[in-house]
Colleague: 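For reference, the structure I am asking about is given below.
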Amino acid sequence: MELSTRYSPADTEARWYAHWESRGYFRSVPDDREPFTIVIPPPNVTGVLHMGHMLNNTIQDILIRKARLDGKNACWVPGTDHASIATEAKVVRWLREEKKLRKADLSREEFMGYAYQWKDKYGGIILEQLRKLGASCDWERTAFTMDPSYYRDVIRMFVDLYGKGKLYRGLRMVNWDPEAKTVLSNEEVIYGEEQSQLFHIHYKKQDGTDGVVIATQRPETIFADVAIAVNPKDARYKALVGQTVLIPLINRPIPVIADDYVDIEFGTGALKITPAHDQNDYEVGQRHGLEIIDTITDDGRMSEACTYQPIVGKDRFEARKMMQPALEASGNLVKIEDYHTNIGRSERTNTVVEPKLSLQWFVKMQSLGEPALKAVLEEEIKFYPPSFQNLYRTWMENLRDWCISRQLWWGQRIPAWYYTQNGQELVFVAETAEEALAAARRETGLADLQLADLRQDEDVLDTWASSWLWPISVFDGFEKPDGEIQYYYPTNVLVTGWDIIFFWVARMIMAGYEFKGRRPFESVYFTGMVRDKLRRKMSKSLGNSPDALKLLEDFGADGVRYGLMSSASAGGDILFDEKLCENGRNFCNKLWNALRLIKGWQQTDTAETEADARRNALAIRWMREKFSTVIAEVESDFKSFRISEALLGLYGFIWDDFCSWYLEMIKPGFEKPVDKPTYEATLDLFSDLMVALHPFMPFITEEIWHQLRERASGDDCMRQRYPKAGAFDKAFLERVETAKDVISKVRELRNANRIKPKDPLRMAVLDGESARALLAESGWQEMVVKLAFLSDLQPAEKDLPNSKSFISGTDQFFVEFQEKIDVAAELAKLREEVEYQRGFLRSVEAKLNNERFVGSAPAPVVEAERNKQADALARIAMLEESMRKLEQE
RNA sequence: GGGCGCAUAGCUCAGCCGGUUCAGAGCAUCUGCCUUACAAGCAGAGGGUCGGAGGUUCGAAUCCUUCUGCGCCCACCA
């Protein structure tokens, strides 16, 4: 079959993926092999593939495929996250725009119906896209955080924590998203510097005089004020403490109090206290026993409680605008300053977050955090790169209770039922409504109590309160603790972005110890962020993110995988450039053409000449031994998750050593055959290279594997065993490098003297001890350039009127050219070289003459310096000899 | 304000538990080649006093101090 000069991934990728999948190669069931488990960081169920997904899933696939080739039972569990707030926001928008429906007009059941419609339509798209990338997930295990069994586990978790007293309901100041009308965790609030205004407002005393001026960015909240606070040490306001001032416009009297919290230096030194709308004010209010007046509704409007009628019902920002003219008119506005400040916005809706008092469910983090922190600090769970331990530690040492209730519908509904008896609210937390009812009957003594008498909590759980169970629940670890979770748990490695270290990684660790008593994974590999060339994070709004699917089409999955991995050190950001994928595509093409070359060779039983046979045997030996060293590197790179290094090592070996040197060495002459032993050895070698490269570039390696030989059914590249690093002879490998170096040097001379390739050197003459042995043994001097050994020449030929010399290692070489060479230029070069060598010698001798060096440095180091000295002396002698020869002309 | 990290070739980075893998890789640049696998290619070359200044040491890109310039995390003052 004729092979095209270009490799076309489109033809092969879909075919091989279907082949692998139909053969069940991705499937894992427990057996007696060692397991290797990864659970995917579940993408948002309605998400689409972006660069970040491609990066971390490529890494996971590499690790999984490597483990499979290492003979382990590799299990990669895929799945999706219901992503409560993000998905609900999308569904709400979809309903509004497509169905002309408002969430407020729908019942919970109706809304959930639509949400599932949406999920059925868009959910799982991303999993399909992962297949295009080559992800070898066990698709039969595909999980979803709202699957019935998963849902049940989340409920169990809630009941369990409640029973252990690690979960409570309380009124706390929370971050409120007035658009999504839900509470947000601290991590879901994004702070950014924004332009604002500082209003200086005069609160007058009841007699209409004096009073105090305060500064605020939020004049619309003055109606929720319950006091003015000053620092007790502030002389300016001493007299005022204990007196009463009036809130402008509504003239409600409030006291002036003293509290250390107030900064004398800042603003006017007087602070309005608004406990309902500010965390710190809330705390000050608690200290002084002040009341709380909440003037902002759940959707961010001014409520009746603010009592200033013109702004009641208005949006908080609109109300703010109305305050300026109103305060001016009443004579309370002193001035307005422009002001830079940090404003917190909702990660999901981008709305300005409102601090608000709210009754929510919280997880007590103290006892959960301790083992989780210990595990990482003591490296029972290893982080790659380890520097993320610091970030983790600072967070874990400052844990605050985790608010896990959300005022949404899309999620696991909180399993708490309420019954009001004699004005007192009783709470029943249970896995099912029936159990709650039974408990309610017991506790109230009302045997005829019905379900309808109980009211279930309306809220659902934070999405992270379900995904923190991921490594347990995907193996049904709550329902069947003695089932296959025993085999797969703890998982081996988690691959994820460091941006969710708190949201997810830390919490999975806590859940692992809390619910399983063990770590959820042995290692965590943190990927960096994928950024553009300007270091900007890739985002939809910037439009700087390449279309992932288009990339796969343009460069092939292998090309993209190469591109992403070639510059992805653990934790380091990737400055993505399509150029990287182009390199990957080019590499595929290189492999493809190596295949074409080999497949095009005629074969013969034995080599044409003895020299050919010797050379080929030597070349094969060299490849095998060097391959051993490369595999050893790859293995050690994998151990420390230096995946990028492993790939680049193989890349260099394949491109430079295998293609540029080895294939050129054994390549038969035009229309000449290659001997069968060499041919077979080359196919074997190439096959091994494909297996070694397979984890990184699965498609092309599988394709070439099958092109190289007829393979029996089931004899696929991805089913092989990874090549083992064998023995190698270091001295031999070094001699080969010297020989290569000689040839490179000759090429350099030819290049510099513009001797065309078609016009080869008449003769290159060389001499040197170690290189000589190798070159003689191999017949390599016949290879790329015609070389002969100086000592083999007749005396007359030794006179080299037109020669150049160079040094490689400790050997000196001469090359003769037909053309007259530029003697002056050559002399200048030699002079430069001799100067360098003399400088080098001086530094070496300075060390050797230093008694303290000779006395205190270890013997091998001193010995090495002595060798350097001898080498340098020899080189200088040779160079001077060459210069004398040139000067004679 | 508290903490962490980074600074090495034009660009992106590796090396960093001191001493021949020590000044490296890829990309970019330059030179010469459409040579019978591949121009998505081949053969070569140039380019860095390892951010500045001190210190420890026989010896520092590597350890310490400090300065400068970046980046990130946490907290957040009205």
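Here the structure is a predicted model, which is why all the values come from computation and not from measurement. Just so we're on the same page: letters track the sequence lines, and every chain starts at 1.
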Colleague: Can you check the distance between C13(B) and C22(B), where both ends of the measurement are the P atom (answer in whole Å)?
Modeller: 25 Å
Colleague: What is the distance from CD1 of Ile643(A) to P of A14(B), rounded to the nearest Å?
Modeller: 15 Å
Colleague: Tell which nucleotide pairs with U36(B), taking only Watson-Crick or G-U wobble pairs whose two distances are both under 3.5 angstrom.
Modeller: none
Colleague: Base, sugar-phosphate alone, or nothing: which one does Tyr191(A) contact when heavy atoms must sit under 4.0 Å apart?
Modeller: base
Colleague: It should be established whether Asn589(A) places a side-chain nitrogen or oxygen under 4.0 Å from OP1 or OP2 of nucleotide G41(B).
Modeller: no
Colleague: What nucleotide, of C38(B), C73(B), A40(B), holds the atom closest to the side chain of Arg596(A)?
Modeller: C38(B)
Colleague: Go ahead and name the base partner of A9(B); Watson-Crick or wobble counts if both distances stay under 3.5 Å, otherwise write none.
Modeller: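 Base-paired to nothing in any strand shown.
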Colleague: Do any side-chain nitrogens or oxygens of Lys667(A) fall under 4.0 Å of OP1 or OP2 in A37(B)?
Modeller: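 So the side-chain polar atoms of Lys667(A) do come within 4.0 Å of the phosphate oxygens OP1 or OP2 of A37(B), strictly under.
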Colleague: With a 3.5 Å cut-off and just heavy-atom distances, do the side chain of Asn342(A) and the base of C76(B) make a donor-acceptor pair?
Modeller: yes
Colleague: Side chain of Glu664(A), base of A43(B): donor and acceptor closer than 3.5 Å?
Modeller: no
Colleague: Does a side chain donor of either His277(A) or Thr295(A) reach within less than 3.5 Å of an acceptor in the other side chain?
Modeller: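 Result is yes, a qualifying pair exists.
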Colleague: Between atom CG in Asn186(A) and atom P in A75(B), what is the gap in whole Å?
Modeller: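 Nearest whole value for this atom pair: 6 Å.
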Colleague: Under 3.5 Å for both donor-acceptor distances, Watson-Crick or wobble: does A14(B) have a partner, and if so which one?
Modeller: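 Partner of A14(B): none.
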Colleague: Looking only at atom P, what distance separates A61(B) and G52(B), rounded to whole Å?
Modeller: 11 Å
Colleague: Let me spell it out: for each of Val854(A) and Tyr7(A), pick the nucleotide of RNA chain B with the closest heavy atom. Which residue's pick is nearer the 5' end?
Modeller: Tyr7(A)
Colleague: Can you figure out which of C42(B), A78(B), C38(B) approaches the side chain of Trp655(A) most closely?
Modeller: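 Shortest atom-to-atom distance from the side chain points to C42(B).
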Colleague: For the residue pair Phe526(A) and Phe388(A), categorise the inter-ring angle as parallel (less than 30°), tilted (30 to 60°) or perpendicular (more than 60°).
Modeller: tilted
Colleague: Looking at the side chain of Tyr261(A), which of U12(B), G3(B), C77(B) is the nearest nucleotide?
Modeller: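 Given the options U12(B), G3(B), C77(B), the side chain of Tyr261(A) is closest to C77(B).
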Colleague: Less than 3.5 Å apart, any donor N or O on the side chain of Tyr651(A) or Asn583(A) sitting next to an acceptor on the other?
Modeller: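 No, no side-chain donor-acceptor pair sits under 3.5 Å.
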Colleague: Is there a side-chain polar atom (N or O) of Thr341(A) under 4.0 Å from OP1 or OP2 of C76(B)?
Modeller: no
Colleague: Taking the side chain as everything from C-beta on, heavy atoms only, tell me whether Leu848(A) gets closer than 4.5 Å to Val862(A).
Modeller: yes
Colleague: Please give the distance between the P atoms of U12(B) and C34(B) as a whole number of Å.
Modeller: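 Per the computed distance, 36 Å lies between those P atoms.
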Colleague: Which value, in whole Å, describes the distance between the P atoms of nucleotides U49(B) and C67(B)?
Modeller: 26 Å
Colleague: Over all strands shown, is Leu271(A) touching base, sugar-phosphate only, or nothing at heavy-atom distances under 4.0 angstrom?
Modeller: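 The residue Leu271(A) makes base contact.
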Colleague: Under 4.0 Å between any heavy atoms, over every strand shown, what does Trp601(A) touch: base, sugar-phosphate, or nothing? Just pick one.
Modeller: nothing
Colleague: Side chain of Thr5(A) only, heavy atoms from C-beta on: which candidate in C73(B), C38(B), C77(B) is closest?
Modeller: C38(B)
Colleague: Taking atom P of C38(B) as reference, at what distance in whole Å does atom CH2 of Trp661(A) sit?
Modeller: 20 Å
Colleague: Between G55(B) and G15(B), how far apart are the P atoms? Round to whole Å, please.
Modeller: 29 Å
Colleague: Tell me the partner of U49(B), counting only Watson-Crick (N1-N3 plus N6-O4 or O6-N4) or G-U wobble (N1-O2 and O6-N3) with both under 3.5 Å; none if nothing fits.
Modeller: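 Base partner found: none.
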Colleague: Rounded to the nearest angstrom, tell me the gap between atom CD in Glu283(A) and atom C1' in A78(B).
Modeller: 14 Å
Colleague: Looking at Lys579(A) and C27(B), is any side-chain donor or acceptor paired with a base atom of the opposite kind under 3.5 Å?
Modeller: no
Colleague: For Glu703(A) and Thr12(A), test the side chains for any donor-to-acceptor distance below 3.5 angstrom and give the result as yes or no.
Modeller: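 Side-chain D/A pair, Glu703(A) to Thr12(A): absent.
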Colleague: Is any side-chain nitrogen or oxygen of Arg400(A) closer than 4.0 Å to OP1 or OP2 of A75(B)?
Modeller: yes
Colleague: In whole angstrom, give the distance that lies between atom CD1 of Ile336(A) and atom C1' of A78(B).
Modeller: 16 Å
Colleague: With a 4.5 Å heavy-atom cut-off, do Glu194(A) and Thr341(A) have their side chains touching?
Modeller: no
Colleague: I'd like the C1' distance from A25(B) over to G48(B), given in whole Å.
Modeller: 14 Å
Colleague: With heavy atoms under 4.0 Å as the rule, sort Cys659(A) into base, sugar-phosphate or nothing.
Modeller: base
Colleague: Hunt down the Watson-Crick or G-U wobble partner of A60(B), both distances under 3.5 Å, from any strand shown, or write none.
Modeller: none
Colleague: For atom P, what is the distance between U62(B) and A9(B), given to the nearest Å?
Modeller: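 Each nucleotide's P atom is 15 Å from the other's.
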Colleague: So what's C30(B) paired with, Watson-Crick or G-U wobble, going by both distances under 3.5 Å?
Modeller: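 Check on C30(B): paired to G44(B), both distances under 3.5 Å.
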Colleague: Using atom C1' in both nucleotides, what's the gap between U8(B) and G3(B) to the nearest angstrom?
Modeller: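 Here U8(B) and G3(B) have their C1' atoms 26 Å from each other.
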Colleague: When the distance from CD of Glu645(A) to C1' of A25(B) is rounded to whole Å, what number comes out?
Modeller: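 Nearest whole value for this atom pair: 9 Å.
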Colleague: Pick the closest RNA chain B nucleotide for Ile598(A) and for Asp263(A) by heavy atoms, then say which residue is nearer the 5' end.
Modeller: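 By nearest-heavy-atom nucleotide position, the 5'-most residue is Ile598(A).
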Colleague: At less than 4.0 Å, is any side-chain N or O atom of Arg6(A) found next to OP1 or OP2 of A40(B)? Yes or no.
Modeller: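 Yes, within the criterion.
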Colleague: Quick one: sort the Phe266(A) and Tyr339(A) rings into parallel, tilted or perpendicular, breaks at 30° and 60°.
Modeller: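 Ring orientation of Phe266(A) relative to Tyr339(A): perpendicular.
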Colleague: Send over the distance from Met529(A) CE to U12(B) C1', rounded to a whole Å.
Modeller: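 These atoms are roughly 18 Å apart.
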Colleague: Would you mind reading off the distance between Gln279(A) atom CD and A78(B) atom P, rounded to a whole angstrom?
Modeller: 14 Å
